[in-house]
Amino acid sequence: MTIALSIDQLSVALPADADRPYALKQVSLHLNRNEILCVVGESGSGKSMTAGAIMGLLPDRVRAESGRIEFEGRNLLELNDAELRRIRGAKIGMIFQEPMTALNPLITIGDQIGEMFRTHSKLSRRETAERVQALLRDVHIPDPLAAARAYPHELSGGQRQRAMIAMALALEPAILIADEPTTALDVTTQAQILKLIRELQERKGTAVLFITHDFGVVAEIADRVAVMQHGVVVEQGEADTILNRPQHAYTRALISAVPPLTPPPIRQVAEESILAIRQVNKIYRKGGLLGRNKRVTHAVRDVTLDLPKGGTLGIVGESGSGKSTLARCVVRLLDPNSGHIEFDNVDLASLGRRELREHARHVQMVFQDPYGSLNPRRRVGELVAQGPIVHGTPCQQALAEARELFELVGLDPDATRRYPHEFSGGQRQRICLARALALKPRVLVADEPVSALDVSVQAQVLELLARLRQQLGLSLLFITHDLRVAAQICDHIAVMKNGSVVEHGTAAQVFGSPGHEYTRSLLDAVPGRHWTPPSFAGDIERIAA
């Protein structure tokens with residue numbers, strides 16, 4: 001095979017005040033033409049830093065200290081900014097992880113894609129517009145003309161990601177770098193994006209460097225795999241070898257942490273319900289000028305569900321299906337338009353603000369983004385103690401209980417003196433769990449609590465939730481779009497689509513013999529669904545060490 005890109009003994013040095021001296025240490029990789037190389041590893045492993053080094057987009061005070069990055073006979077590390085600008089986009093394209101951040105919110109999608117041609121070609125305005133339309137058709141956006149005229153916020157997450165792919169492929173680069181392009185997408189959109197990248201790669205012969213922490217994605221798309229840990233490539237080889245016969249302990253531990261799609265044996269839970277959701281509706285109305293052209297959206301439509309005492313009810317579905325809206329109605333962050341939410345013979349949906357405050361401690365919520373939901377200006381111990389203090393617990397007692405909760409969720413009690421930014425993502429999610437548990441709730445509503453976490457950290461948080469459920473007698477309402485996670489932690493599953501529950505049953509029933517076409521389509525879209533992760537007993541613990 002012809003090599004498209006070669007990285008030889010690349011070391012990237014971090015600033016003197018960083019936790020470690022190097023972001024990358026003697027990294028050697030090669031990318032062949034017409035292949036997909038997946039680079040996998042946890043946050044901080046050096047995946048994105050490798051991409052930044054290739055593109056000449058390293059952060060301030062971070063520099064390539066030694067090594068070579070060979071492309072078309074030239075060392076990219078020796079090029080100046082003007083020379084790199086001629087290569088970026090034209091010869092090496094990049095899809096960034098978060099399209100809403102990478103796209104300019106003040107410029108239309110068409111103009112942003114067209115900028116590639118205005119910068120690197122002499123096409124006329126009409127020719128540029130035609131090429132933009134053709135690119136949007138190539139990435140299967142339903143209405144290319146409307147999408148070109150739209151601003152980023154007017155497109156869905158999947159459409160924004162498709163627009164980013166169109167921009168990266170505009171000048172038909174020889175190499176495409178995709179940095180976690182499917183992490184925040186729901187399962188069907190993720191499947192479409194993966195299929196699209198594979199299709200474009202095969203059609204155009206592009207070499208793809210695909211960065212991910214999701215081994216399901218690796219099983220779906222990779223030709224070869226490189227595994228990184230702490231800035232070092234610890235293992236690389238053919239995809240089948242790495243996925244099924246890994247040699248390095250770190251690779252084995254990562255694969256062991258991937259949740260299988262097959263649910264565990266049925267757990268015995270009480271028949272009695274602790275939370276009964278009855279005919280709940282939530283409607284959003286958006287009025288036009290002078291009350292005309294009103295838009296009505298049924299976010300939640302006649303939902304009826306029961307959460308068994310001590311059990312876990314999973315609610316799954318795509319973005320926009322109504323999962324998070326229902327969760328916010330349950331904890332009364334949103335007021336439902338109609339229906340009942342009964343907890344302990346009390347209808348939470350009908351309570352006024354003062355009455356609700358008395359009952360709110362029994363139903364607490366863990367949010368999706370652990371960093372965004374923690375006040376960065378306050379110490380984490382204060383954040384955990386805040387709820388009990390509001391409900392009358394003396395300050396010193398509440399802070400002492402916060403230390404006990406830190407120990408319960410696997411954190412050092414002395415860490416209560418630190419601020420949120422001093423913790424990793426997985427640690428911040430544990431802090432959010434401690435905060436939710438501070439009021440001694442009986443029901444925990446978890447809204448995508450592990451979707452942003454690495455696979456090994458995800459496994460640890462899921463194990464912690466299962467232990468707390470058993471230890472504290474908690475009942476969990478678990479919102480997720482990750483069907484692998486739902487299969488492992490949930491006793492019952494409710495599948496939502498367009499605000500309605502289309503299927504409901506035990507995890508074994510829903511995953512083993514789904515009755516609704518939509519459920520089957522979700523399961524068919526799970527990346528790597530035909531790959532069964534091998535288990536390597538005892539290796540997960542080695543990651544933490």
### Query
Is there a side-chain contact between Tyr22 and Val232, using heavy atoms and a 4.5 Å cut-off?
no
#### Entry: Partner of Lys323 under side-chain contact (heavy atoms from CB on, under 4.5 Å), chosen from Thr480, Val495, Ile479
Ile479
### Message
Between Glu180 (side chain only) and Ala178 (backbone N and O only), is there a donor and an acceptor less than 3.5 Å apart?
### Response
no
### Message
Any carboxylate oxygen within less than 4.0 angstrom of a Lys/Arg side-chain nitrogen, looking at Arg74 and Glu78?
### Response
no
### Message
So does Leu155 get a backbone contact from the side chain of Arg160, meaning a donor-acceptor N/O pair under 3.5 Å?
### Response
yes
### Task
Could you tell me whether the side chain of Glu235 and the main chain of Ile242 form a donor-acceptor pair under 3.5 Å?
no
### Glu130 and Arg126 ion-paired at < 4.0 Å
yes
#### Entry: Over 12 foreign heavy atoms within 6.0 Å of CZ, Arg378
yes
### Message
Check the orientation of Tyr151 and His153. Use parallel for under 30°, tilted for 30 to 60°, and perpendicular for over 60°.
### Response
parallel
## Note on the structure
Closest non-hydrogen atoms of Val258 and Arg484, given as atom of the first, atom of the second and distance, are CG1-NH1, 4.2 Å
### Message
Determine whether a donor-acceptor pair (N or O, by modelled atom type, separation under 3.5 Å) exists between the side chain of Gln236 and the backbone of Ser28.
### Response
yes
## Note on the structure
Output for pair (Leu84 CG, Lys91 NZ), nearest 0.5 Å, gives 12.0 Å
### Query
Which atom pair, heavy atoms only, marks the closest approach of Gly216 to Asp214?
N-OD1, 2.8 Å
### Query
Would you call Glu220 and Arg529 a salt bridge, taking side-chain N to carboxylate O under 4.0 Å as the test?
yes
### Message
I'd like to know if Asp223 pairs up with Arg198 as an ion pair, taking the criterion as any Lys NZ or Arg NE/NH1/NH2 lying under 4.0 Å from an Asp or Glu carboxylate oxygen.
### Response
yes
### Query
Do other residues, nucleotides or ligands put more than 12 heavy atoms under 6.0 Å from His230 NE2?
no
### Query
Do the side-chain N and O atoms of Asn75 and Glu70 include a donor-acceptor pair separated by under 3.5 angstrom?
no
### Message
Please evaluate residues Val12 and Leu58 with respect to the criterion side-chain contact (heavy atoms from CB on, under 4.5 Å), reporting the C-alpha separation (whole Å), side-chain torsions for both, the decisive distance (0.1 Å), and the verdict.
### Response
CA-CA 9 Å; Val12 172; Leu58 290 173; 4.3 Å; yes
### Query
Is the shortest heavy-atom distance from the side chain of Leu76 to the side chain of Ile92 under 4.5 Å?
yes
### Query
Are any of the side-chain heavy atoms of Arg435 and Ile431 separated by less than 4.5 Å?
no
### Message
For the CZ atom on Arg125, are there more than 12 heavy atoms of other groups (residues, nucleotides or ligands in this structure) within a distance under 6.0 Å?
### Response
no
### Message
Determine whether Glu238 and Thr241 satisfy the following criterion, side-chain hydrogen bond (donor to acceptor under 3.5 Å, both in side chains), listing intermediate values before the conclusion.
### Response
CA-CA 5 Å; Glu238 297 298 318; Thr241 302; over 6 Å; no
#### Entry: N/O donor-acceptor pair under 3.5 Å between Gln133 side chain and Thr128 backbone
no
## Note on the structure
Closest heavy-atom pair, Gly93 versus Pro173, reported as atoms and distance to 0.1 Å, is N-CB, 3.6 Å
### Side-chain donor or acceptor of Gln427 paired with backbone N/O of Leu411 under 3.5 Å
no
#### Entry: Spacing of Met55 atom CE and Ile175 atom CD1 [to the nearest 0.5 Å]
10.0 Å
## Note on the structure
Closest non-hydrogen contact found for Thr212 with Val218 is CG2-CG2, 3.7 Å
### Message
If you count heavy atoms of other groups shown closer than 6.0 angstrom to CZ of Arg20, is the number above 12?
### Response
yes
